[in-house]
Amino acid sequence: GGQAPASTAATNSGLKVGIFVDNAFGDGDFFDQAGIAVEPLESDLGATVKTYEGQLQAQNFAPLLQDAADANDLVFVLGFEAIDAMTEVADRNKDTTFVFVDGKVDSPEALSAEFRTAEGCFMAGALAAAVGEDASAVSTGFIGGVNAPVVKNCEGGFTAGVSNVAPDMKVLAQYVGSFTDPSKGREVALGLETRGARSVFAYAGLSGAGAFDAAKSGSSIAPVGIVADKSALAPGKVPGSLIMRVDKVITSMAKDFSDGKLKHGEQRSYGFAEDGWEMLYDDKLVPAERVKELEALQAKLVSGAVSPDAK
Amino acid sequence: MRLTTPILLAALACLPTQWTKDLNVGLEGGMLFGAFGGVVFGLTFGSGFAAVTLTIAAGVLSGLIFGWLITRLNVNVFIAGIVLNIFAGAATVYLLRSLFGVKGTLSAPGIPSLPTYRIPFIDGIPVLGPILSGHTVLTYLSWAIVAVAIFAVKNTVLVRHLKAAGEHPAALAAAGGNVQRMRILAQVWCFALCAIAGAQLSIGQLTLFTEGMTNGLGFVALAAVIFCRGRVLLLTLMSVVFGLASAVAIQVNDSVMPPQIAQMLPYLIAFVGLIVLARTTKDGGVRIATPNMES
Amino acid sequence: MSLTTPLKNPPQSTGRGKRSTAPTGLSLARRLGPGVFTLAVGLLLAVLLIQAQGFQPLPTILAGLDYAVGDAKSIARTLAWGLPLFVATMGVALAYRSGMFNIGAEGQIYAGAMAAALTGAYIGPMFTGLHLFLCLAVSALTGAAVAAGLGWLRAVWNVDEVLSTLLSNYIIMLFCAYLATAPLRDPARQSGTTKAVHETAMFAELVPQTQLTSALFVVIILCAATWWLSERSVTGYRWRMTGESPAFAAAVGINVRRSRIGSMATSGALCGIAGALLVTASQGRFWTEIGTGIGWDAVLLAMIARARPLSAVVWVLVYSVMRSAARGIEQVSTVPSELSLILISGIIIAATARAGLFSRLAGLNKLLIRSEGK
Amino acid sequence: MPSNDAHPTRPVLELRQITKTFGPVVANKDVDFDLAAGEIHALVGENGAGKTTLMRILYGMYQPDGGSISMDGQPVGFKKPMDAINHGIGMVHQHFMLVPGFTVAENVTLGAEPRHNGLFDHAAANESLLEPMKRLGISLDPETITGTLNVATQQKLEIIKVLYRGARIIILDEPTAVLTPQETEELFILLKTLAKDGASVIFISHKLREVFAVADRITVLRNGQTIQTFTAAQTDAASVVAAMTGRTDVNLGRVQRTQPGDGTVLEVTGLNTDKFGSDAALKSVSFSVRPGEVLGIAGVEGNGQSTLAEALVGIQGLTGGTILLRNDELEGLNVADRRSKGLSYVAEDRHLEGIPLNGSVLEGISAGLLRRDNSPAGLGIAFSRGVRQWAVDMIGKYGIKTSGPDAKCSTLSGGNQQKIVMARELEDNPHCIILAQPTRGVDLGAIEFLYNQVAEATAAGCAVVLISADMDEILRLSDRVLVMYGGEVVAEQQTVATSREALGMYMMGAQTMEVAR
Ligand SMILES: Nc1ncnc2c1ncn2[C@@H]1O[C@H](COP(=O)(O)OP(=O)(O)OP(=O)(O)O)[C@@H](O)[C@H]1O
Ligand SMILES: Nc1ncnc2c1ncn2[C@@H]1O[C@H](COP(=O)(O)OP(=O)(O)OP(=O)(O)O)[C@@H](O)[C@H]1O
Ligand SMILES: [Mg+2]
Ligand SMILES: [Mg+2]
C-alpha cells in the first residue's frame, strides 16, 4: 500500500520554477530561507515549483541541473559549489533561465543575484557592539566558518559596524575551519566568552549553531542571528537577527521573469534598500532607544552616508 | 576536559573489545547513533535522564545484535565495524530527514540538555576548579568508570575471563568458561558506552544533532585504545592528550596556524604515536583483526 | 589446530563441508546463490524502508530504476557517476588481495584530485591527450607516493596499515582543504576551490548532457589491467601469496616487503587516478568536498566483492545503479537517497553472515529431523 | 574385551558404541573404551584415527552422534566441559590451554576462581595451588607469568590445573610431544604417582616406546574404529603397529641410504643471530655438511633450531658468521637468491610457511618455478599451460591425493600437504635442503614415502640438514647428529655410535654439567 510516487513530468501549464540547492533543504538557514519562496511563487504567480537537492555530491550537480533545465523555465541555483555546473548547463540550455543566488557569476547566460555582505554584516556588527556596550564588554566576537572572501568581507563589514557604534570595542575574530561543525563552533564561542566578549556574530553556517547552543545552555554571550530569525535556537538570548531575504529575492526575480524583465547574463545586487537584508530586533533584549539608533544607522547606511567597508 | 569526555568514554568502550581481540572499529558509528539517540529520545521524552537511559538501552540492544553477528554468524568484526561506521552515517541522515524533515542539524527548543554540576570545594580552587568541576554527570561517570575499570582489572573474575577469551579462547572454554558470552558482553559494553559518549556530545556538550557530528573522534579514541595495549591508566592519559590536542586545535588563532592545519593535530599525534609505538615495542604494531579475503 | 567452539574462525570448515556434500550439478546455482541471496536481502530492505515512508514499494523502486537505467541517457549518467568508483574499488581490492587493508582510499583520492587539479590548471594548455595523460600520471604518482609511504611503514616498521591509512585520510583531506581554501584558492571563488583546469585537461563528453566522457575507455583499460595484474600475472601471484600467507611467501623467496609496498603503491595510484577522474571527467577543479564518501564506498565494495576484480566490477555496477535509483526515488517520493548506503550496509552484513546463517539453519534442521526420528 | 589382571576393579568409565561424524568425515565409529580405577590406559592410532575426537566427546566438547557414556555404572551425558569437570574428568590438551599473559595462579584457577565478596581472591588462589603441587612434589611461584615458563613446566602446570579441579580421571592428549626424554621420564613418574593414589589416566601418544613404558593397557584406534585393547605386559610393539596400520611390513628401522660423498656442500661458521620469536638466539654455530649426507639437528624445541633454519634460508638476519654453499657466500643474499644458488627449505610450520592454506595446490606447488620467472615487471602470465601441466605431473609423481591442481590446500590432509611442499622443494634439484620437522603430524605410510624421497635426493648428492624434535626420525634418517642447547651446538655424534639416552642428556644441557663435574 502507501502513496504512489510522484511523477517527474510537470502537469501545470503556468510558469515552471526550479530551485536547486547544492546541499539540501532543512538546514534552518540559507536553503530553507529560499524554500519560503515556494509558497508565494505558487500562490501569487501561479507557478509550479520543483526543488532539487545536490546533497554535496558534486557529481550529481550537472545531471540534476540538467533535469531542472528540462523541467523548468526558470531555475534558481543556490550554493557556491554548483557554479561551474550551472554555467555549463546554462550554456547548453538557452531556453531555460538560470539565476545564481548569493554571489556574482560571470556568464553570458546565467544571471546572478548578489547580497552585499559587508552591508548586512555592518548592521550585525552595530547590533553586536550595542549589546556588548550595554553589557559593558570591551570586546565582541566574530566567528567565521572558513577563511573565504565572503567571510572576510563580512568580517570587514562587521568590524566597521562595531567601530561605528563603539569605537573602542575590540573585535575578536576566530575561524572554525568548517561550516558544518557546531561543537567546534560552540567551543569557539565559549573561548571568546572567556576572552571577554559578551556578544558574538557567527558567519559560519552550521558551525554557528554552536554559538546559539552555548548561549542556550547558560553562557552569558549574546549571539546575533544570521540569515533567518534564530531566536528559537536560544530563546531569550538572541538580541536580534540579520535576515537574508532569499525568498524575496527569488519571488521578485521570478516576477520580473514573468514580466519579461530579466536579461540573460545580468548581475543584480541586493542590500537593505532592495529588501535583500532585513534586521529583526528582540525588543525585550534591546532597549527601544537602541533600536532607534540602529534603525537610524541603517538609514544612513542605505543613503550612503556611512560606508560599510572597513577603514 | 569537555573534549576529553567523549574520547575517553569511547576509548573505555572499546577497551574490553580489545581484551577479547574483537577490536570494534565502529566506535565512530556507535557514537553517532548514541548522539542521535540522545537527541531523539530527549525530544520525545523531554528529559535528559530518560534520554541517556534509553540511549544506553538501545546501545545494549545493538551490542547484543552486533555480538551475535560476530560470534554466532561469524561476521568478521573488522568488516562489521567499518560497515557500522558507514551505516550510522547514512542511517542517522535518513532518519533525520524522514522523521524530522531536516538536513544537517536537528536543533529544537525541546531537546533537553544534561545539567552540569559543580563540586563544592574543588570549584573554588583557581586553576583546577574550572578544569575539574562544572561538568555533566556523564563526565563524572567517565571518571568513575576509569576508577572502576582499574579496580576491575586487578580484582574481578570477569575481566580475567574477558582477557582469556581474547588471548586463548580455547583455554577458557576448556576451563568451563563461556567464550561467546564474553565476546558478546564486550560488544554490549562497547555499544552502551559509545551510546553514552554520543549522548555526551549531543545533549551534554550541545543540545543538537549534526550529521557526522562525531567527526573522527571515534577514530581518535580507537588510536588511544591501540596505544594503551589494554592498560586503563595509559588509556586515560592518551584520551586526555587527544582531548587537549583537539581543544588547542579549536582555540588556536587563524594568524598562528590555519584552522585546517590545527585540526590535523590530534590525527598527527596519533599517527606519529603509532609509528613510535611500532618502533619501540618489541612485537611491533598491533594488528587489527582484518578479515581473510578468502573466507 | 582445530579446537571446538571457542575457535574464532573455524578453519574453512564451512567451505569444505559444502564442497563435498553438494551434488556437482548444483555448482552453478551454488556460485550464483550468494549473490542472489544478498540481492534478495537488499531488495527486502528497500521494500521495507520505502513502505515505512508510506510509499508503494514496487512502483517507487521501478521509478527509481527507470531514472537510473530507463534509457540510454540515464544509463550514461549512471555510468558516468560510477567511473571514478570503478577505479578506486579496483585499487582498494588490489591492496586487500595482497593483505594490505588500505582504508585510506578517501585520502588518496583527495590527493589525486588535488594533484590533477593543479596539473590541469597550472600547466598547459597543451595538446589534450598529453595534458590528460600528464594529469592522470601526476595524480597516480601522488596517490602512489602516499600509499607507498604507508605501505613502507607497514612492510619495514610494522606500523599497522589499517590505522595508519585511516588516520592518513584525515590528515590528507584537511591538508587539501587547507590548500584549497588558503594558498591555492581560486581568488574569484568564495568556497574552497582551486582554479579551474584548462579545457585541454578535460575528457570529452561521449553522450551529450550526461557527463559520460571518454574517461570510460581509460576506466575499462584500468579495470582490465588490474584484473590481469592481480589474478593472472606473476606479480599478482606474489602479491596474493603475500596477502594470503606472508610467512609462506617469505619462505619460498617472495620479497614480502616489495610486494607490500608495490601493491600499496599500485593501489594508491589507482585511487589517485580515481581522484583525477573526479576533476578531469567531471568537476574541472578541486573543491573541498569533491570526493566525499567515494573512498569509503570503494572500501565497502571491495570487501563485498571479497577483493576479486571481476566481482568488484559487478558490484560497482550494481551500486552505481542503486545510488542513481535512490536519487531518482528521492525525486518522486520523500525517501531520502541515503537509502542506497543503508542498503549496501545491509547487503554486506548479509553477505558476510550468510555462511554462518546457513550453517545455523542447517544445524537447526538436522536437530529437528533427529528429534522427529526419536 | 580383555580384562586387566593388574587392576581387578570394575571400570570407573565406560564408553559404548560412540559415533561421531564431521560432515563426510567419520571420526569415530562405534568406539568402545573402558577405564579402571588406578589404571593408566593408553590410546594409540595414526593421525586422524579419532583419538582426540573421542576424548573431546568424553570431555563434553563435542556431542556424539550416537553411543553412551557411563561413569561408575551410571549413564552420564556431558553437554559442555563443565559437566565433565564436575564429574571429576580433567583433560590436558594436545595444545596448551594456558593463557600466556596470566600468572600461574590465574591459569590454574581459571573457570573456578576462588571468590571473596564476588571478587577474585588472590590469596586463596595462591594457596589453592599448594595441595596439588605437594601431591606432585613440585613447587612453582604462583605469581609467575605463565608465558615465561618453559614447556615442561607448562605441561606440569596443566596437570596441576586438572588436580585443582579435583579430577580423578585425567586425560593427556600427546603430552610428550614437546618434552625431552628425561622430562618425559619425570612426567611418567608423576602419572604413576597419581595412578597409585587411585586416579585413572588416559594417555594418548604416537610413541610406542612411551606407551609401553607407562601404560597398563593399550587401546588401538584405526579410521575411527576400535581395533583392539591390549594388556601392555602381554604384547609387543610389532602387534600394536600392525593393529595401528593394518600392515605388517612397516619399517621402523633405519632408512636405506647411500653413503655420503666427499667434500663439503654447506659450510657454516660462527653463526650469531638475535632471538627469533620464542626461539633462542644462535651463538657461534658452526658445522658443515657433505654431499649426500644427512645431518640431524636434535634438541628440545626453543633451543635455536628454528632460528638456525630461518637464518640459513635467509628469513632471519645474521649478526655474525658466514654461510658457504658450494663456496658461494650466502650471508648477504635474500631468500630468493639463496634458493637460486641451490638451497631448498621445508619449513617446520606447514600451514604457516609450507603451503598457502587458502590458496590452491597449483599456487603452492609452483612457487619454485614462478620464483625464477623474470618476465618484465612480472606482468607475464603466472600459470601458463606448461606450468599447469607440470603441476599435474607432480601430483601424479608424488601421489598427492587431491581433486586437482585447483583444489584448496586446506582441503588436503596433512600428509598430502607435506607432499606438496616436498615436491616443490625437491623438484628444484637443490644442492642442499633444510628439512625442519618434515613429518610432523604425518602418518606412518606417508612418512615412509617422504623418507624414500629424501633418500633418493641424497643419492643424487644433495646435502640434507634435518631438524627434528622426533628422536626416532633423527636416528632413522641421519648420518651425524648435532645437539643444540640454548642456541649453541653442544654435541656432535655419529648416529650409529650414539643412543637416545646420550642425546637426551645433551638436549638437557648436560654438557655444561659435565664441564662442572
Ligand atoms: N572439527 C572437525 N571438523 C571436521 N573434521 C574433524 C574435526 N575434528 C576432527 N576432524 C577429523 O576427524 C578425524 C579424526 O580426528 P582426530 O583429531 O580425532 O584424530 P587424532 O587421532 O587425534 O589425530 P592426531 O594424531 O593427528 O591428533 C580426522 O579425519 C580429522 O580431520
Ligand atoms: N577442521 C576441519 N574441518 C574440515 N575438514 C577437516 C578438518 N580437519 C581435517 N579435515 C579433513 O579431514 C581429513 C583428514 O585430515 P587429517 O589431517 O586428520 O588426515 P590424516 O588422516 O592425518 O591424513 P595424513 O595421514 O595425510 O596426515 C582431510 O581431508 C582434512 O581435509
Ligand atoms: Mg589428536
Ligand atoms: Mg593429520
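Heavy atoms only: backbone and side chains are in, while hydrogens, waters and symmetry mates are out. In what follows, every chain begins at residue 1, and chains take the letters A, B, ... in the order their sequences are listed.
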* **Residues C:Glu330, B:Arg97: salt bridge by 4.0 Å N-O rule** => yes
* Asked: How about B:Phe78 and C:Phe101: are their ring centroids closer than 6.0 Å?
  -> yes
* Answer yes or no: is there an ion pair linking C:Glu244 with C:Arg97, defined by an N-O contact shorter than 4.0 Å? => no
* **Min side-chain heavy-atom separation B:Phe191-B:Leu64 under 4.5 Å** => no
* How about C:Ser267 and C:Asn102: does a side-chain donor come under 3.5 Å of a side-chain acceptor? -> yes
* C:Ser337 versus chain B, heavy atoms under 4.5 Å apart: side chain, backbone, both or neither? -> neither
* Asked: Of the backbone (N, CA, C, O) and the side chain (C-beta and beyond), which part of C:Leu150 lies under 4.5 Å from a heavy atom of chain B, both, or neither?
  -> side chain
* Under 3.5 Å, is there a donor-acceptor pair linking the side chains of B:Gln260 and C:Thr181? -> yes
* Asked: Is it the side chain or the backbone of C:Leu339 that comes within 4.5 Å of chain B heavy atoms, both, or neither?
  -> both
* Contacting region of C:Ala182 [heavy-atom separation from chain B under 4.5 Å] -> neither
* Among C:Ile344, C:Thr352, C:Leu174, single out the residue with the greatest number of heavy-atom pairs under 4.5 Å to chain B. => C:Leu174
* Asked: By a 4.5 Å heavy-atom criterion (distance strictly below it), what part of C:Leu49 contacts chain B: side chain, backbone, both, or neither?
  -> both
* Measure across B:Met264 and C:Ile171 and return the closest heavy-atom pair with its distance rounded to 0.1 Å. => CE-O, 3.5 Å
* Proximal component of B:Leu69, with respect to chain C [non-hydrogen, under 4.5 Å] -> side chain
* Structure fact -> Bottom line for C:Ile342: the part with an atom under 4.5 Å from chain B's heavy atoms is both
* Heavy atoms only, distances under 4.5 angstrom: which of C:Ile349, C:Asn169, C:Ile304, C:Ile348 has the most pairs with chain B? Name it, please. => C:Ile349
